[in-house]
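To start, the structure under review is shown below, and the notes come after it.
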Amino acid sequence: MEALVASAIGMFTAVGIYLILRLRTFPVILGLTFLSYGVNVFLFTAGRLATNRAPIIGTGEVYADPLPQALVLTAIVISFGMTAVVMMMAIGGHLEAGHDRVNMAAGDTDTAEDKA
Amino acid sequence: MSLALIAALPFLGALLPGLMIRAGRDACAAVTGSVTLLALVLLALNAPTVLAGDVVQTRIEWLPALGLNATFFLDGLGLLFAGMILGIGLLIIIYARFYLAKSDPMGQFYTYLMLFQGAMVGIVLSDNILLLLIFWELTSLSSFLLIGYWKHLPEGRQGARMALAVTGGGGLALIAGMLILGGIVGSYDLTVILDNKELIQASDWYLPALILILLGAFTKSAQFPFHFWLPHAMAAPTPVSAYLHSATMVKAGLFLMARLWPVLAGTPEWFWIVSTAGLITMVMAAKIAFFKDDLKALLAFSTVSHLGLITMLLGFGTKAAATVAVFHIINHATFKAALFMTAGIVDHEAHTRDLRRLGGLRHLMPITFGVALLASLSMAGIPPLNGFLSKELMLEEAAHTVWITPWAMGVLATIGALFSVAYSFRFLAHGFLGPVRDDYPHTPHDPGPGLWGAPAFLVVLVLLIGLFPMVTAAWLVDAAASAVTGEAVQSKITHWHGLEAAALWMSLAAVGGGLMALGAYPRLRALWDAAPRPEAKRIFDGVIEPLAALARGLTGLVHNGSFSRAVGVAVVAIAAASLWAFRGGDHLAGTRDLLPVEPVVLAVWFVMMVAALAAPFFHRDRVVALVLIGVVGLLIAPMFALLSAPDLALTQISVEVVTILLMLLALNFLPKVTPVESAPAHRLGHAAIAGVAGVGVGWLAWSMMIRAPAFDPISAFHLAQSKPGAGGTNAVNTIIVDFRGYDTFGEIIVLGIAALVIYALSETVLRSPSVTRRLATFVPEKEAGDRHPMMLVVSTRLLLPMAMMVGVYIYLRGHNMPGGGFVSGLVFAIAYLMQYMASGYVWSHARQRYDHHALIGWGVLIASLAGVGSWAFGAPFLTSAFEYVHLWPLEEFELATAVIFDLGVFLCVLGAILLALASLSRLALRTGESANTRAFDIDPSEGGR
């Protein structure tokens with residue numbers, strides 16, 4: 001089980017970073033989302049894996065570590081907030097500049113200028 | 001407490017000018033001045049205690065484990081400096097009100113000035129050297145703002161940058177020196193350090209500490225060879241120059257030397273370094289000042305020269321010399337501030353400060369001339385003014401000091417005094433005497449009392465101290481000198497020391513020589529102009545420019561405008577550093593028992609991996625990419641459920657839905673496909689980087705999971721206390737709303753801010769004309785078929801109450817079973833979003849009774865109230881309480897204050913998600929698409945389209 005989870009974390013990270021290295025905003029944001037999956041699951045595994053030990057008091061003798069779960073819960077929600085902000089920036093950039101490239105054109109030193 | 005308040009008042013006052021400037025310039029100046037006046041009054045209330053020989057202390061423990069405490073103390077030296085800073089500060093505030101032009105932003109000026117004032121007061125009142133260092137850096141930063149106040153002048157910007165580079169660099173050295181000092185003594189409290197002279201001077205670290213501290217003091221007080229920044233700082237408005245270079249900024253270095261005098265002075269190293277630097281500075285700067293044509297440049301070099309004089313006196317290391325230094329600090333502050341303000345008046349009235357274009361002002365500006373006359377005669381050291389008194393004492397000390405030879409110090413000090421007389425007389429003769437000219441850029445006349453009042457007040461002090469030194473100044477000199485030397489000082493200041501006093505003859509020589517130099521000015525000037533001399537600014541630029549170029553080059557390697565390159569470099573660097581760290585340590589063998597794998601789990605894992613791996617290959621069709629990411633995200637939820645994290649499963653599944661909806665919405669405004677732009681080799685390289693990083697992270701996770709934690713997890717406490725302490729059986733929820741409620745409180749605020757940022761961004765985007773043009777030509781996808789199909793509308797209507805009930809249920813059970821405010825907020829948000837999808841933004845939004853912004857606000861407010869409420873019961877912020885209630889006909893249930901906090905979480909999450917998505921939808925209103933006002937495309941009552 002541990003191997004499956006570890007390989008999934010590695011896969012999410014690799015796919016996330018590959019997509020972040022793309023040249024357009026949308027795949028970059030998808031990459032960020034993948035990377036968030038990887039990071040969130042990674043943080044969760046810091047509490048180690050266990051089955052049937054949900055940290056609900058009174059349901060068993062031994063419980064899974066609740067602290068990483070609580071931290072990851074809020075991290076998942078914050079990831080959404082981050083994705084939404086970046087997405088809005090991407091839309092704004094695309095509408096403003098007329099393209100959705102993430103890299104500056106050669107010789108372009110000031111991103112604030114509107115060439116439209 | 002009052003000392004901390006005195007230090008805090010200017011900072012609090014810095015907030016006011018920006019607000020008060022709306023009420024006019026007079027109100028702004030009056031409010032700013034009254035804050036300084038209040039601080040001055042508070043200081044005066046403490047004065048009797050200090051003058052009686054006691055030390056006033058205030059102690060606020062902050063981080064005692066690190067030795068970082070907000071401790072303040074006030075002794076004679078602190079009283080003298082704080083009095084000068086606040087007193088002259090008050091005069092400057094009045095003067096600046098009338099000096100600044102209408103076009104100058106006055107609120108900004110006063111804010112910078114108060115920040116600077118607070119930092120200076122902080123330096124002189126600090127008892128903790130770490131605190132002192134913070135204030136020291138603050139003076140560098142705030143003086144940067146003040147010197148560069150006239151942002152439109154290149155000289156102002158360059159002068160500010162040079163001052164910051166020199167004094168800030170010295171500040172870094174000072175930090176190191178002070179930390180060494182604290183390390184030797186084992187305490188960061190000044191009062192403790194000052195009691196350990198033998199320990200410090202016997203230490204091997206004494207010399208490094210001394211050199212580093214002196215670097216800080218010399219750069220700040222413009223001592224040779226760091227004197228060059230001060231004249232360039234003259235590009236500042238004159239009130240700033242008058243304040244920074246008479247009483248405050250440059251005196252900070254002197255203050256530091258005086259403050260640490262008891263433990264650092266008295267050694268040969270101290271004598272040679274400090275008195276030599278002071279002597280060179282005094283003589284050299286006095287000579288340069290004589291040849292300066294700009295009034296302010298002349299005064300600037302004169303200031304450098306006088307700072308050198310005081311430094312030299314402190315360097316002598318004797319009690320008498322230190323007493324004279326203290327006395328001259330007072331005198332210099334009075335006449336030099338008055339002279340700077342006079343120069344400002346001349347500039348203000350004649351529109352020039354160039355001595356070659358001035359002259360004859362005596363007839364046109366009699367009041368200004370009176371002020372200038374007394375102040376510059378004092379600077380020249382003419383009896384009976386105060387400058388004369390301290391100069392005589394200085395010459396006497398110099399005459400008795402052996403430096404290389406018994407007479408060298410006396411001769412050089414006399415030469416310094418000679419030039420001092422010469423430039424003071426030149427200031428008067430070339431500026432005010434002589435015939436009235438007819439080619440001034442602007443015909444000068446005396447300004448109103450607003451401008452001449454402050455310097456006139458200072459000149460009265462010059463005269464009074466000069467005439468009655470024992471009544472007006474001796475008590476303050478004694479108090480301050482006692483604090484500097486650590487012994488009781490009883491000074492006796494007189495005008496006449498007898499014919500046998502060396503100072504008398506040195507003084508006469510200086511005055512005579514000075515007059516002769518002025519007489520021979522044209523010939524001397526020709527010599528001076530012919531002689532080569534180093535230009536400090538060019539040398540400084542020569543050093544700084546290559547450094548800046550190097551920094552630019554290094555930055556450009558990584559940040560050349562390519563985001564991909566910056567990220568790629570970062571990933572490679574992190575991976576390499578991690579690999580190096582991983583290989584460098586020893587690792588225990590993994591001993592944990594691993595969980596078995598069931599076939600179903602293996603199948604789910606396989607689907608998830610394939611979907612993730614497919615994303616890089618098929619991401620160019622963006623809708624397909626969304627489907628793939630949705631598959632992955634949704635499958636993570638059952639994985640959480642399987643691994644004993646039901647709360648995470650609930651959160652993941654609902655966040656996933658919202659995220660996919662958001663991305664679908666966003667795709668409306670973005671291209672639907674990603675073009676192929678990078679070369680195959682490029683993509684292969686990226687894949688390699690990503691692969692290495694992925695393998696590394698996966699390996700790390702694996703290594704962690706097969707080993708038990710090195711330390712016992714602290715969550716044993718949370719599990720044990722969840723029920724008895726927080727009154728809930730769901731340990732995850734009790735951590736979120738109770739044990740770590742403060743974290744959650746911060747997080748919902750961050751989420752709320754993110755939503756507001758999105759709203760603000762959409763507002764900005766919509767306001768741009770190019771965006772409006774582009775949106776208007778936007779063609780919606782036609783293939784989608786019905787925009788608001790009846791089936792969808794009807795089913796979402798039916799689902800709305802049910803979804804809400806599920807939300808309420810999840811919210812209520814959250815404390816004991818999986819659920820809670822976060823998940824409940826997400827469920828509610830999805831229920832609403834379904835209405836938006838089915839019937840469109842306009843129709844749904846018209847029926848939305850509660851503003852999304854208000855939801856966020858209420859959420860944060862309710863969560864805060866739940867936290868603050870515990871104060872009423874004397875408990876710390878966010879302490880929760882709970883009670884079991886039996887209410888017929890219900891079963892016994894529990895009421896916990898944490899539920900109120902969770903309500904805040906719920907509202908904030910709901911508001912944030914709705915606001916984020918609604919902001920995106922608002923863009924659609926600007927497209928060519930028509931907005932719907934009806935619930936669905938077909939009106940059933942009409943029986944057809």
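Order of the sequence lines fixes the chain letters, A, B, ..., with proteins taken first and strands second; residue numbering starts at 1 for each chain. Small disclaimer: the values here were computed from a predicted structure and weren't measured.
Between A:A64 and B:S644 the shortest heavy-atom distance is CB-CB, 3.9 Å.
Using a 4.5 Å cut-off on side-chain heavy atoms (C-beta onward), B:F822 and B:D647 make no contact.
Here A:L30 contributes atom CG and B:L628 contributes atom CG; the two are 9.5 Å apart, rounded to the nearest 0.5 Å.
With respect to chain B, the highest number of heavy-atom pairs below 4.5 Å among A:L73, A:I29, A:I17 belongs to A:L73. In terms of heavy-atom pairs under 4.5 angstrom with chain B, the leader among A:R48, A:Q69, A:R24 is A:R48. Between chain A and the options B:P671, B:A625, B:A615, B:S678, heavy-atom pairs under 4.5 Å are most frequent for B:P671. Comparing A:G58, A:A90, A:P27 by heavy-atom pairs within less than 4.5 Å of chain B, the highest count is held by A:P27. Between chain B and the residues A:I9, A:T45, A:T83, the most heavy-atom pairs under 4.5 angstrom are made by A:T45. The residue among A:G81, A:P68, A:S79, A:A54 with the most heavy atom pairs within less than 4.5 Å of chain B is A:A54. Each of A:I56, A:V102, A:V72 has some count of heavy-atom pairs under 4.5 Å with chain B, and the biggest count is that of A:I56.
Remark: side-chain polar atoms of B:K723 are not paired, donor with acceptor, to backbone N or O of B:Q721 under 3.5 angstrom.
For A:A75, no part lies near chain B; criterion is any non-hydrogen pair under 4.5 Å. Interface residue A:D100: only side-chain heavy atoms are found under 4.5 Å from chain B. Of the atoms belonging to A:Y18, heavy atoms from both backbone and side chain fall under 4.5 Å from chain B. In this structure, the portion of A:R101 lying under 4.5 Å from any heavy atom of chain B is its side chain and not its backbone.
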Query - Stepwise side chain to side chain contact (heavy atoms under 4.5 Å, CB included) test for A:M82 and A:S36 - result: CA-CA 10 Å; A:M82 182 190 70; A:S36 309; 4.1 Å; yes

Requested in this report: Decide side chain to side chain contact (heavy atoms under 4.5 Å, CB included) for B:F739 and A:L67; before the verdict, give the C-alpha distance in whole Å, the side-chain angles of both, and the deciding distance to 0.1 Å.
Outcome: CA-CA 10 Å; B:F739 296 119; A:L67 194 57; over 6 Å; no

Query - Test log, rule side chain to side chain contact (heavy atoms under 4.5 Å, CB included), inputs B:R683 and B:E677 - result: CA-CA 10 Å; B:R683 288 202 292 277; B:E677 285 170 317; over 6 Å; no

